[in-house]
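Values reported hereafter were calculated over all heavy atoms of this structure, with side chains retained and with hydrogens, waters and symmetry mates removed.
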Amino acid sequence: MAYWVKLLYERKEYVVNFDRINTFCYEKNGRVTFWLPDSAMPIVISPHNNLEDYQKILQYLENVAGLELENAHWVKIIYDRKEYVINLTCISSFCCETNGRITFWLPDVTIPIIINPANNPESYDKVLQYVQQTTGYSLSPSAE
């Protein structure tokens with residue numbers, strides 16, 4: 001079932017199906033950014049100027065983060081001093097380098113996410129498991 005939310009952003013009203021949003025980004029200043037599907041348009045919500053909508057986002061993320069719901073595999077990744085909450089089912093390609101780093105590209109965003117086992121061990125393992133379970137392929141530098 002779709003999770004529709006009405007938000008105010010830059011003096012416009014948006015009605016957004018959060019189940020179609022595949023990436024949320026937390027910043028240290030408290031802002032949360034997500035990108036509208038099929039448009040790459042970022043929506044940035046701050047608790048300081050839009051507390052009600054900010055709480056709607058947090059409530060949704062509490063329901064899905066770390067869960068595997070209806071073919072959604074969510075993972076939290078710290079990257080570039082921000083915390084991303086990403087639905088791995090929306091990722092269409094993964095790249096593993098010989099040093100073990102894994103790169104994938106967020107849909108609707110031009111941002112690559114690069115993780116390695118040293119700085120994101122739990123998320124790294126979750127990505128490896130997801131790729132193995134979903135594709136049947138092992139994603140590791142020694143895999144052939």
Side-chain angles (χ1 to χ4, degrees), residues 1-7 9-10 14-144:
M1 180 170 200
Y3 190 96
W4 290 92
V5 176
K6 184 177 181 180
L7 303 168
Y9 179 66
E10 293 186 344
Y14 291 85
V15 178
V16 180
N17 179 354
F18 270 14
D19 287 343
R20 295 269 331 271
I21 305 298
N22 51 53
T23 304
F24 294 87
C25 176
Y26 291 106
E27 296 181 44
K28 289 188 183 221
N29 61 9
R31 295 186 314 180
V32 174
T33 302
F34 63 90
W35 293 263
L36 295 177
D38 305 320
S39 74
M41 181 184 154
I43 302 288
V44 182
I45 304 294
S46 168
H48 307 293
N49 60 9
N50 195 342
L51 183 59
E52 182 179 336
D53 290 342
Y54 182 81
Q55 289 174 334
K56 291 175 188 176
I57 295 168
L58 293 183
Q59 181 181 5
Y60 177 77
L61 290 174
E62 285 178 18
N63 291 331
V64 298
L67 301 177
E68 296 176 4
L69 300 171
E70 297 178 32
N71 299 322
H73 296 265
W74 291 89
V75 62
K76 287 184 182 182
I77 295 175
I78 306 297
Y79 181 71
D80 198 25
R81 290 178 273 162
K82 299 174 185 169
E83 180 178 298
Y84 289 85
V85 180
I86 302 166
N87 180 349
L88 292 175
T89 60
C90 298
I91 306 301
S92 57
S93 62
F94 298 86
C95 174
C96 186
E97 299 177 35
T98 56
N99 62 7
R101 291 190 322 181
I102 295 174
T103 302
F104 57 89
W105 295 264
L106 300 175
D108 303 318
V109 185
T110 59
I111 301 169
I113 300 294
I114 303 167
I115 60 173
N116 66 55
N119 64 4
N120 279 298
E122 189 175 313
S123 300
Y124 185 88
D125 289 342
K126 191 163 185 175
V127 170
L128 289 178
Q129 282 182 330
Y130 171 77
V131 171
Q132 175 69 40
Q133 291 171 349
T134 304
T135 68
Y137 293 111
S138 174
L139 190 62
S140 66
S142 61
E144 303 199 19

Item to complete: Taking atom types as modelled, find out whether D19 and Y60 have a side-chain donor-acceptor pair closer than 3.5 angstrom.
Response: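 Distance-only check passes for D19 and Y60.
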Heavy atoms only: give me the nearest [X]-[Y] pair and the separation to one decimal.
X: H73; Y: N87; value: N-OD1, 3.4 Å
X: K56; Y: K6; value: NZ-O, 2.7 Å
X: R31; Y: S46; value: CG-CB, 4.0 Å
X: V5; Y: Y3; value: CG2-CE2, 3.5 Å
X: G100; Y: P117; value: O-CD, 4.2 Å
X: G30; Y: Y54; value: O-CE1, 2.9 Å

Under a 4.5 Å cut-off applied to non-hydrogen side-chain atoms, are [X] and [Y] in contact?
X: Y14; Y: L36; answer: yes
X: F18; Y: I57; answer: yes
X: N29; Y: H48; answer: no

Worksheet item: Quick check: are there more than 12 heavy atoms from other residues, nucleotides or ligands sitting under 6.0 Å from CD of E122?
Response: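 Not more than 12 within 6.0 Å, no.
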Which distance, rounded to the nearest 0.5 Å, do you find between the [atom1] of [X] and the [atom2] of [Y]?
X: C25; Y: D80; atom1: SG; atom2: CG; result: 8.5 Å
X: Q55; Y: I45; atom1: CD; atom2: CD1; result: 12.5 Å
X: K126; Y: I115; atom1: NZ; atom2: CD1; result: 11.5 Å
X: F24; Y: L61; atom1: CZ; atom2: CG; result: 5.0 Å
X: L7; Y: D53; atom1: CG; atom2: CG; result: 4.5 Å
X: N116; Y: E97; atom1: CG; atom2: CD; result: 10.0 Å

Practice prompt. Tell me, with the steps shown, if L128 and I102 meet side chain to side chain contact (heavy atoms under 4.5 Å, CB included).
Written response: CA-CA 9 Å; L128 289 178; I102 295 174; 3.5 Å; yes
Practice prompt. Only one of Y79, W74, F104 passes side chain to side chain contact (heavy atoms under 4.5 Å, CB included) with I86; say which it is.
Written response: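 Running side chain to side chain contact (heavy atoms under 4.5 Å, CB included) over Y79, W74, F104 with I86 returns exactly one hit, F104.
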Practice prompt. Dump the intermediate steps for ring-ring contact (aromatic ring centres under 6.0 Å, His included) on F34 and Y9, then the final yes or no.
Written response: CA-CA 12 Å; F34 63 90; Y9 179 66; 8.3 Å; no
Worksheet item: Where the side chain of Y84 meets the backbone of I113, is there a donor-acceptor pair that is under 3.5 Å apart?
Response: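 Not confirmed, Y84 side chain does not pair with I113 backbone.
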Discussion item. Check whether N22 reaches the backbone of I91 with its side chain - one donor and one acceptor, N or O, closer than 3.5 Å.
Written reply: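 Not confirmed, N22 side chain does not pair with I91 backbone.
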Worksheet item: Stepwise, does the side chain to side chain contact (heavy atoms under 4.5 Å, CB included) test hold for V85 with Y26?
Response: CA-CA 8 Å; V85 180; Y26 291 106; 3.8 Å; yes
Worksheet item: Yes or no on side chain to side chain contact (heavy atoms under 4.5 Å, CB included) for C95 and W105, after CA distance, side-chain angles and deciding distance?
Response: CA-CA 9 Å; C95 174; W105 295 264; 4.1 Å; yes
